[in-house]
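Taking it in order: structure first as structure tokens, then the write-up.
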Amino acid sequence: MSSRRQYPFDLIEPKWQRAWDAEQTFRAFNPGESVPDGHPFGVRHSVAGKPASAAQLPPKFYIRDMFPYPSGAGLHVGHPEGYTATDILARYRRAKGFNVLHPMGWDSFGLPAEQYAVKTGQHPRVTTEANIANFTRQIKSLGFSYDWSRELATTDPEYFRWTQWIFLQLYNAWFNPETNRAEPISTLKFPEELDGARLSEPQQATPEAASTNSESATAQAAGCGSESRAPGDLESRRRAFRDSKRLAYVSEQPVWWCEDLGTVLANEEVVDGKSEVGGFPVVRKPMRQWVLRITAFAERLLADLDTIEWTDSLKEMQRNWIGRSEGAEVDFPLLMASGGRFQPGGPDDERIRVFTTRPDTLFGATYMVLSPEHKLVEQIVPQEWPSGTPDAWKGQRKYQPAITVVESATAGQIAFGMVKADLNGLVPTPEALKVMTAERAIRFRAVPVYYRESTLIVAISNPADLDMMDSLRNELSVENLEFRVASESDIERILVDFYGAKPSLKPSPREAVAAYRTYASGKSDLERTELAKEKTGVFTGAYAINPVNGEKIPIWIADYVLASYGTGAIMAVPGHDSRDLEFARKFDLPVRVVVQAPAGKDSIGFLDDGVAVNSDFLNGLPTAEAKAKITAWLEAKGLGKKTINYKLRDWLFSRQRYWGEPFPIVWRRDASGQPYHEGLPESALPLLPPALTDYKPTASGEPPLARAKDWVSLPDGAVREVNTMPQWAGSCWYYLRYLDAKNGNAFVSKEAESYWMGSLSTLNSQLSTKSTPGVDLYVGGTEHAVLHLLYARFWHKVLFDLGHVSTTEPFFKLVNQGLILGEDGQKMSKSRGNVVNPDDVLVEFGADAFRLYEMFMGPLQDTKPWNTRGVEGVYRFLGRVWRLFIEEKSETAFEQAQTVATQPDADLLDHLVMNGTIADVSATPAQLKVLHACIKKVTEDLDHLRFNTAISAMMVFVNEANGWQTRPFSVMRTFLQLLAPFAPHLAEELWARLHRTFGQNPPSLGYAEWPSYDPALLVESEMEIPVSVNGKHRDVIRVSADADNATIEATARRAEKAQPFLEGKTVRKVIIVPKKMVNIVVG
RNA sequence: GCCGGUGUGGCGAAAUGGCAGACGCACGGGACUUAAAAUCCCGGGACGGUAAUACGUCGUGCGGGUUCGAGUCCCGCCACCGGCACCA
């Protein structure tokens, strides 16, 4: 650790931060805004002291960071990595003559503040504001050139009024599949039976959007199905129909419920069956929720990825998440077990519709599987098993508590063992739970823990759960915890008592199916992934007919088929699908080869494209042709059609929390008492959350907002929606608010939007570098790949369709910064104790060194470990820069003055004197060459985001300049311009001093024109060219720069060190790459 | 399992198909100093060789290939990191 400061950054850095603040140096000006007199931006672009129109302003450059959640822990060194990169580019672009928009704000709604509020009763706003203040202090101490006048926080009512406004835009719009875009709900046409006013006119039935389950499900829930209703409630039905089409709609679907967080979560927030935040268990639970129709935009979200510059991996993540697959829907007619045709509710129910991407394997479909939740299940199950049904198909439980010893001890209080039991059909019965409760059964993190006769019995099936034992020990305050293996009877007790298992055959298909459905729905996703390594399922007793060959095939239910994908049903082709094969093997179902694998590969289980066999009229066709032929055949017969499916689900948009945006929605009841919702008028915004003293959910499990009875109930009898929006809402559009952050009349003005988002950029392209539309550069971590970045693209497209923004995409270029690891090469975390706090680094080395090191570590996108010695290295470099400019003797005087001074004072810096080696003389050619090489490298590297090599180029310059007896003013001045984006405080201080020393008024460094290099100065009169013999490097020759090939060849042939390799050999060929190398090929 | 990315000194890393290891860290030597720190200068891929030079051989995860020439391009592996994961 250095005992003495390399240079007085502690005085320099606050001094310039104050100056930039006071002079509003980095204010970005909107079209129509008046630029203050004398502001350096106005001076540079001749718009000072007057309002500048969009055409008078220089081209825009909009560069942004992902705004942070202001946590109580403060900034860590990962945050400023991206911030530094964008700040360097912002400063560089300003110098290049762009109007740079570089803002910062706060994603300030969030769980920690709310959890603190639940515990202490303190309003989350208090915590949030304190954290914002701390983050602001930390970020400002790094000297970033943000335009702080545009600072925003998603928790600010003046911000979230527009978040609510955008929600209303979604609420009042629908997706028109014919135009493939969002339109105002007023353009929605009612189907004929609801269009009472114009029954005589011919009406197009509203076409279904690309088949999304949510859509058809809600449409049916809303009652617009085929069954007719009394004409009296036509109005209600019209409303229900309209509500079912909105981009923001209410759905009763099963959602991920997290008990520990007390809220539901979106699919994207659930990772490995646990909540992304906190890692708590989640379960599937049907609830009424607000959902946004992102699936309607799946195709455009996918297609437009081709129009933006993101990394391949990021685009790929989004593609995977959207998960488009092409295939066919095929109808399988039902057959009753008795052999008669099935006729429950009408013509639509006579078949089961499946989705498959391999219609060419239809002849290999030997059974069908429905998801346990499939709506047809109950209707198709017969009273009795068909004769000859194997016992294994009847849902027989066949658990063998095969106990694998994991760890053991004697005479302990806790016994546990690994259960490898097939829990098929087993669920904790209410009776069993009562018994368990009486005996102090507890559920610990979804794992049953059973206390009986002074012994805790823990059945686990995953070695990973061993980690749990420590927490369990703490939680139970059991000391001297010892382990022993659970005995077989221990396990038996858990299975019988907890799961209510009885080793008996299910007596009827109905019971077997009911038991399996309960089992499947009761499993949390955690249990599903950890316990269900083996396939489970049960035969329904019903059969269907394979439409291509008339075969009778059994229908099963199994939880490996998801209700939420495709049609919730599949045709199983065990010959060519690994999951179906696994299932077929377990239950002894027939396997048939219908695709011939290439020679040498087994056709059973062959998943790739091959040639159709055993498939009647498809035989001999390659897979692609077989697909086309069978699809056409199905369509001609009316048995199926080509279909596209997506993995993407609609976006669950409501949370049961206090600290989020309230929905601008009220609920009323129609004449028949049916509740319906209504959007608030814009004039009611912002809708503020009510004041509460208790932030917990209500006793009846309603969200916290329900506690505010006065707030919830309106005088006219309506009640407010009590859910709130998720944290992602505010971050979906903040990049638009920055453009016009103080606008009270609109979320952004048209002028600001079109200028900054680049629709106007073609109007003023006086610079060769053209502006990109949208955000020019967005830098942030990969963790938002499918959350924020997908949601924001979706909102942007809706706003675009509705005419509120002018570009189809928000972020045209995006770069992911790499993770910074701790000094031990591990991910930084409190528990590892390897977290580096930027505050500490700043105290010791200053902001400039910190910034420089963050960039010097390696390429921005790479993951790399922190190394404090590395900071010292760049800090030393800055010290060398300092000493190039400052007379060392004057430093002694300065230090003495500083010791005497009672408090730090920037005036003390005036004791410093410029280094006497700097003189206003013309530079030597060698000096110019060093400088211009540096300009070239730094400029080119900045254009390609190669900060680390730009810094090393400056180090090379400093190492050279260090040896100069005389340092020309002009050269040193230009160098400071190159340094300024990286180490702005030091550069500003030296810039000011340098100019004053030479009797000049320092021009604004931030807006001084970026230096350009003269290629002529870089040309060598002589050059060194490596000489190779047979591709091996042997010598280096010197020739004049304009030497022709003949001269080069002759010189190379004479090269001394090459001689031993040429002697006695015939030269077959001489390859000369101009200015690069010579290769002599001998034989 | 599928998709994407990355493998170069003791470490972070450089290298439009053309002298591998720029720059920095750590390390070693020297100057300055009573001494240390700081600073300045010099040296560091490995092996062989030499008093030290010189010089030679090998060397960019592994195995092949294309090329006068490969860290870079192609084919096949291996390892690590990230994402997805019963999506029909």
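Everything numeric here is computed off the predicted structure, so don't read it as measured data. Reminder, nothing fancy here: chain letters follow the sequence lines and each chain counts from 1.
Taking a pair as Watson-Crick or G-U with both hydrogen-bonding distances under 3.5 Å, the stems of three or more pairs touching RNA chain B are B:1-7 with B:78-84, B:10-12 with B:23-25, B:27-31 with B:39-43, B:45-48 with B:55-58, B:61-65 with B:73-77.
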Detail all sub-3.5 Å separations between protein N/O atoms and N/O atoms belonging to nucleotides 53-56 of chain B.
| unit_1 | atom_1 | unit_2 | atom_2 | d |
| --- | --- | --- | --- | --- |
| B:rC55 | OP1 | A:Lys1057 | NZ | 3.1 |

Report all interatomic pairs (protein N or O, nucleotide N or O of nucleotides 74-77 of chain B) with separations under 3.5 Å.
none

Below 3.5 Å is the cut-off: list the nitrogen or oxygen pairs between protein and nucleotides 23-27 of chain B, distance only.
| unit_1 | atom_1 | unit_2 | atom_2 | d |
| --- | --- | --- | --- | --- |
| B:rG24 | OP1 | A:Asn959 | ND2 | 3.2 |
| B:rC25 | OP1 | A:Arg876 | NE | 3.2 |
| B:rC25 | OP1 | A:Arg876 | NH2 | 2.9 |
| B:rA26 | OP1 | A:Arg869 | NE | 3.4 |
| B:rA26 | OP1 | A:Arg869 | NH2 | 3.2 |
| B:rA26 | OP2 | A:Arg876 | NH2 | 3.2 |

Collect all protein-nucleotide pairs involving nucleotides 16-21 of chain B in which both atoms are nitrogen or oxygen and the distance is under 3.5 Å.
| unit_1 | atom_1 | unit_2 | atom_2 | d |
| --- | --- | --- | --- | --- |
| B:rU16 | O4 | A:Lys1076 | NZ | 3.4 |

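Nucleic acid contact for A:Thr311: none, since no nucleic acid atom lies under 4.0 Å from a heavy atom of the residue. Residue-level contact check: A:Ser578 touches neither bases nor backbone, having no heavy atom under 4.0 Å from any strand.
At B:rG82, none of the side-chain N or O atoms of A:Thr863 fall inside 4.0 Å of OP1 or OP2 (strictly under the cut-off). A:Gln6 has a side-chain polar atom (N or O) that falls below the 4.0 Å cut-off from OP1 or OP2 of B:rU39. Phosphate contact (OP1/OP2 of B:rC41, side-chain N/O of A:Asn962, threshold under 4.0 Å): present.
By the side chain to side chain contact (heavy atoms under 4.5 Å, CB included) test, A:Glu854 is found to be paired with A:Val77, A:Pro80, A:Glu81, A:Ile820, A:Phe850, A:Trp866, residues two or more places apart in sequence or in another chain being considered. Take A:Phe957 and apply the ring-ring contact (aromatic ring centres under 6.0 Å, His included) test, not counting sequence neighbours, and it matches A:Trp964, A:Phe975. Residues passing the salt bridge (charged side-chain N to carboxylate O under 4.0 Å, His left out) test with A:Asp10 are A:Arg5, sequence neighbours excluded. With sequence neighbours excluded, the residues forming a salt bridge (charged side-chain N to carboxylate O under 4.0 Å, His left out) with A:Asp577 are A:Arg579, listed by chain and number. Applying the side chain to side chain contact (heavy atoms under 4.5 Å, CB included) test to A:Ala1043 and every residue at least two apart in sequence or in another chain returns A:Val1039, A:Ser1040, A:Thr1047, A:Ile1048. For A:Thr949, the side chain to side chain contact (heavy atoms under 4.5 Å, CB included) criterion is met by A:Lys937, A:Asp941, A:Arg946, A:Ser952, not counting sequence neighbours. Taking the side chain to side chain contact (heavy atoms under 4.5 Å, CB included) definition, one finds that A:Pro865 meets it with A:Leu821, sequence neighbours left out.
Close placement of the A:Tyr367 and A:Phe583 rings is indicated, their centers lying within 6.0 Å of each other.
Side-chain atoms of A:Arg649 and A:Ser564 include a donor-acceptor pair closer than 3.5 Å.
Judged purely by atom type and a 3.5 angstrom limit, A:Thr643 uses its side chain to pair as donor or acceptor with the backbone of A:Lys641.
Comparing B:rU39, B:rC84, B:rA88 by their nearest atom to the side chain of A:Tyr565 picks out B:rA88.
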